[in-house]
Q: 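First, the structure itself, so that you have it in front of you.
All values derive from a computational prediction rather than experimental measurement.
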Amino acid sequence: MAKCFGCSRFVYNHFLRLTIDAYAESKKSLRYKDWAKFLTGLKSELEWLKEVNSQALQQTRNACYS
């Protein structure tokens, strides 16, 4: 469970930074399909993200918008 929470926290912080930067540049927020594409790419770059439940990482997006 610690690995799942750690990966979720990493993904949350990563996408929070992307969201803040995207809004600062264009005053537009990221859409779900943008998040999904970025998450797939991030999992390709960081193999250790594949070790945890993918649904937990996908649900991290909802936490950023809450």
Q: Check whether any side-chain heavy atom of Phe10 lies under 4.5 Å from a side-chain heavy atom of Phe15, and answer yes or no.
A: no
Q: Given 3.5 Å as the limit, does a donor-acceptor pair link the side chain of Asp34 with the main chain of Arg31, or not?
A: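 Checked: pair present.
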Q: How long is the span from the CG atom in Leu39 to the CG atom in Leu49, to the nearest 0.5 Å?
A: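 So the gap between those two atoms works out to 7.5 Å.
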Q: Verify the cluster assignment for Phe5 and Leu42: are they in a single hydrophobic cluster under the rule of side-chain heavy atoms below 4.5 Å apart?
A: no
Q: Tell me the closest heavy-atom pair linking Tyr23 and Ser29, and the distance in Å.
A: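 Distance-wise, the nearest heavy atoms are CD1-N, 4.4 Å.
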Q: Are Leu57 and Leu46 connected, step by step, through hydrophobic side chains (Ile, Leu, Val, Met, Phe, Trp, Tyr) whose heavy atoms are closer than 4.5 Å?
A: yes
Q: Just verifying a value: how many Å separate Arg9 CZ and Cys4 SG, rounded to the nearest 0.5 Å?
A: 11.0 Å
Q: Drop me the distance from Thr19's OG1 to Trp35's CH2, to the nearest 0.5 angstrom.
A: 4.5 Å
Q: How long is the gap from CG on Asn53 to CD on Gln59, to the nearest 0.5 Å?
A: 9.5 Å
Q: Where is the tightest heavy-atom contact between Ala56 and Ser8, given as atom of each residue plus distance?
A: O-OG, 4.0 Å
Q: Does any part of the side chain of Lys43, heavy atoms only, come nearer than 4.5 Å to the side chain of Ser54, both counted from C-beta?
A: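 Heavy-atom side-chain distance check passes, below 4.5 Å.
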Q: Can you tell me if Lys50 has over 12 outside heavy atoms packed within less than 6.0 Å of its NZ?
A: yes
